[in-house]
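What follows is a set of notes on a single structure, which appears directly below.
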Amino acid sequence: MKKLISLLVAFLVIGGLAACSATSEEKADTILIGVNLELTGDVSVYGVPERNAFEQAVSEVNAAGGIDGKLVELVIYDNAYDQAKAVQNTEKLIEDGVVAILGSATSGMTMAIAPLAKENGLVVFTPSGTNSAVTMDGTVVNPYVFRSCFIDPFQGQVLANFASNDLAASKVVIMVNNGSEYSKELARIFTEQLNKNGGQVVETASYADSDTDYKASLTSLASKDFDVLFIADYAKNAGLIIGQARSTAGLETVKIIGPDGFEDPQLNDLAGGAQNVSNVYFSTHFSSLSDNQKVTDFVASYQAFTKAAGKEEPASVFAALAYDAAYMLFAAIDAADSTDPQAIRDSLESLPAFSGVTGDISFDALHNAVKPAFLIELNNGVAVNATIVNP
Amino acid sequence: MLEFLNQIINGLSLGSIYALVALGYTMVYGIIRLINFAHGEIYMFGAFAGMLAITVLRLPFFLALIFAMVVSALLGVVIERVAYKPLRKSTKTAALITAIGISFLLQNVTAMVMGNNTSAFPQVFDQKVYDLGGIRINSLQILIFGVTIVLMFLLQFIVLKTKLGRAMRAVAVDKDASVLMGVNVDNTITITFAIGSALAAAAGVLIGLYHIRVVFWMGTAPGLKAFVAAVFGGIGSIPGAMIGGFAIGLMEALVAGYGGTMWSPYRDAVVYLLLIIVLLVKPSGLLGKNVKEKV
């Protein structure tokens, strides 16, 4: 009797497995790629353009016949800038049988899903997670995490060089978000590089992520002797800080520099109007001010694509990075001649220098993109100038 | 020294906001012994109402402020009638839990209707900085402080000089006796909610203007801090709430301004630590009456 039951169980299990393999064979003529993005919440301004760019890249590659004759299909989930949801989404994507995951937009979400990706042997390709720890698994590289952007330390370095060389500043004060790894790391690397350049950080003021009132910190900074204010944060806080700085005596016209988190259509509104956003500089991965042919083509095609999709948008840096990430993944799948997640990973790692809309991109040993950076100057809230800094 | 005075001004502006919100907590507690945890959400609602009055109805700022106060007062009345009044005879815990439920409800409905992203509050004034011998005051800070002082005087006038105020004080002292004296207790309680909600809405509009943004969760932290302010001043005491609000605002500004990298990110923790100390040393707060409850 026992034997009969175990035999029955064995049949059921085999039947179940057969059913599984049958469904995955049905999908064999399309390539499923997962997307795990911040489509709502505080940083949806990063997630939404990235989704648009992914969709644009997919529609272009499908129009051109797909990859090795197979059409690409996206499975898109919103993580609402919530780590728990990002992890849930990843579990769902694994169940859906995707071959790789594009996203997330922020370092925090990408780091939340990285362990799961490694466990399941699935590539996670973030367009804009710039924290240096994103591609790391402890002290070694996480073999499954890649990015199409440069990393925070690079930005801190570039910003320090920019302050020393282009702005001729030797004394800098920093505003740091104590609740943000992004912010703290930028400030640390910036300080290191500025000291190397012979400059000095006069004062560092910290605040909590949820703070909305910076008057006290700014008043304290205003009493110091310095040339440049470095706000190491996303626009959500940096916009408010810029606005409040401009109404703080002594900081009305001080030069403000910041990282790529400043790139946000809400920056001017949060700063209380475009008139407050002058003498502001930020580092970024892409600028539509560039007259490079690839850039102008992308700016036009992205605008056309979003218009056709119902909500016309100018091409942002996040869209550009996501577009490059999507094409790099396509190139890797193409080169692998396979949709096996492991083959895709190997092929992505050894991808030769890729010429994208954000510049010539290659990976270093830690899967970080090596590529040029742009420093944008804002005058009355409008980008007026871009200085290119090579790595 | 000048920097210190500038920090005091920063603290007073922030303290004005806390004081306005704390007044609503303390008035409601004084009259029906309920800690109305949905009060922070009224403040948030007021900020949204003010923003919409300016952007959609195109009202000038002061009319928008009054509009937000009136709409929020109505919301306060509806909440009181629908959620709290039926529970007036049940346990305090039941009412408290209902208040927390209302708080979540208001937050989530706002997130649903207005989206869960930050919206920019329209800047209706050109900010000017006045220099008084080194002490620099921003025009918005003057506005916040001015509006707060006017509203506080108005409130003191209503509470101390009008028949309505006398009724409020009577209900606060002894509800049953007030009924016997011919006070309409239900209406008095409703009006107390309306006044408290209007003050919170004013604070919401002012903070929206000052911090340039509104978002659905903006009421949570200030609501808690205003509650701390009310307890600090002595819950149930109107002058206590004012003093408590200003004290918390000043403390926050000083911790943020002088705490250095070490302490300034933890200014909220300092505020809550203060609450614990006050409760240990003087459980009834600065101006609170130490009333023994009969067993």
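Because the structure is predicted, anything quoted here is derived from the model rather than measured. A note on names: the letters A, B, ... follow the listed sequences, proteins ahead of strands, and every chain is numbered from 1. The analysis underlying the following values was restricted to heavy atoms, covering all of them including side chains, and did not include hydrogens, waters or symmetry mates.
With respect to chain B, the highest number of heavy-atom pairs below 4.5 Å among A:A249, A:S220, A:A222 belongs to A:S220. Counting heavy-atom pairs closer than 4.5 Å to chain B, the top-ranked of the candidates A:G239, A:G179, A:G273, A:A208 is A:A208. Between chain B and the options A:Q266, A:Q244, A:K215, A:R246, heavy-atom pairs under 4.5 Å are most frequent for A:K215. Between chain B and the options A:V176, A:L218, A:L270, heavy-atom pairs under 4.5 Å are most frequent for A:L270. Contacts with chain B were tallied for A:N268, A:T40, A:N178; A:N178 has the most, counting heavy-atom pairs under 4.5 Å. The greatest number of non-hydrogen atom pairs below 4.5 Å with chain A, out of B:I212, B:L254, B:V215, is found for B:I212.
Residue B:F125 places its CZ atom among more than 12 non-hydrogen atoms of other residues, nucleotides or ligands, all under 6.0 Å distant. Heavy-atom contacts from other residues, nucleotides or ligands closer than 6.0 Å to OH of B:Y266 number 12 or fewer. Heavy-atom neighbours of B:F4 CZ from other residues, nucleotides or ligands within 6.0 Å: at or below the threshold of 12.
B:F121 does not touch chain A: none of its heavy atoms, backbone or side chain, sits under 4.5 Å away. Only the side chain of A:E252 comes within less than 4.5 Å of a heavy atom of chain B; its backbone N, CA, C and O stay farther away. Proximity to chain B is limited to the backbone of A:A271, based on heavy atoms less than 4.5 angstrom apart.
Across every non-hydrogen atom of A:S223 and B:E3, the tightest pair is OG-OE1, 3.2 Å. Listed here is the closest heavy atom pair of B:A253 and A:A216: O-CB, 3.3 Å. Between A:S206 and B:P265, the closest heavy-atom pair is CB-CG, 3.3 Å.
To the nearest 0.5 angstrom, B:W217 atom CH2 is 6.0 Å from A:D42 atom CG. The line from CG of A:D213 to NE2 of B:H211 is 3.5 Å long, rounded to the nearest 0.5 Å.
Looking only at atom types and distance, the side chain of B:N138 has a donor-acceptor partner in the side chain of A:S247 under 3.5 Å away.
Looking at B:R267 and A:D211, a side-chain N of the basic residue comes within less than 4.0 Å of a carboxylate O on the acidic one, giving a salt bridge.
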